[in-house]
Amino acid sequence: MPHTYDVSHPGTRLRCRDESGSSSLRVWRSQWTPRVIRIDTPTVYNRTKWTVEQAKLLRDVLDDAIRAGERS
């Protein structure tokens, strides 16, 4: 069975890199707006870099967030 991620507040943190070095972002859903996926990013410059493994993990977490919204 695939791993599932908790995307309720405070959500799931994912490691990445940005212009300041190693960092992380957070994927979550609010109980008040369950059909909106929120991504708190470490940078405002859209220069976050992902390894293939990190991108796969982000994809899996986002898939779980989408499924949670579809159940709402």
Side-chain angles (χ1 to χ4, degrees):
M1 183 171 157
H3 189 278
T4 57
Y5 300 92
D6 182 9
V7 293
S8 60
H9 192 271
T12 297
R13 285 204 173 274
L14 300 162
R15 300 300 302 166
C16 60
R17 288 191 61 80
D18 61 31
E19 57 271 1
S20 65
S22 183
S23 191
S24 66
L25 61 73
R26 186 169 54 110
V27 177
W28 62 286
R29 286 183 175 277
S30 167
Q31 65 182 0
W32 296 280
T33 55
R35 298 206 34 93
V36 175
I37 299 169
R38 300 177 186 274
I39 303 173
D40 296 340
T41 60
T43 177
V44 296
Y45 300 111
N46 295 324
R47 295 184 186 148
T48 305
K49 297 176 184 170
W50 299 85
T51 65
V52 171
E53 292 77 20
Q54 289 169 329
K56 287 178 181 179
L57 180 59
L58 175 60
R59 177 197 60 204
D60 293 344
V61 172
L62 287 173
D63 283 345
D64 281 354
I66 290 166
R67 284 189 202 96
E70 290 172 346
R71 291 190 298 266
S72 302

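In this chain, residues are counted from 1 in sequence order.
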* **Shortest non-hydrogen contact between Arg13 and Ser24, atoms and distance** => NH1-OG, 3.4 Å

* Asked: Which heavy atom in Asp40 sits nearest to a heavy atom in Leu25, and how many Å separate them?
  -> O-CB, 3.0 Å

* Quick one: do Leu57 and Arg15 satisfy side chain to side chain contact (heavy atoms under 4.5 Å, CB included)? Show the steps, please. => CA-CA 9 Å; Leu57 180 59; Arg15 300 300 302 166; over 6 Å; no

* Asked: Is it the case that one hydrophobic cluster holds both Val7 and Ile39, taking links as side-chain heavy atoms less than 4.5 Å apart, direct or via other members?
  -> yes

* Structure fact -> Tested for side chain to side chain contact (heavy atoms under 4.5 Å, CB included) against Thr12, the lone hit among Leu58, Asp60, Val61 is Val61

* Structure fact -> Taking every heavy atom of Ile37 against every heavy atom of Leu62, the minimum-distance pair comes out as CG2-CD2, 4.0 Å

* Cluster question for you: counting only ILVMFWY and a side-chain heavy-atom cut-off of under 4.5 Å, with indirect links fine, are Ile66 and Leu14 together? -> yes

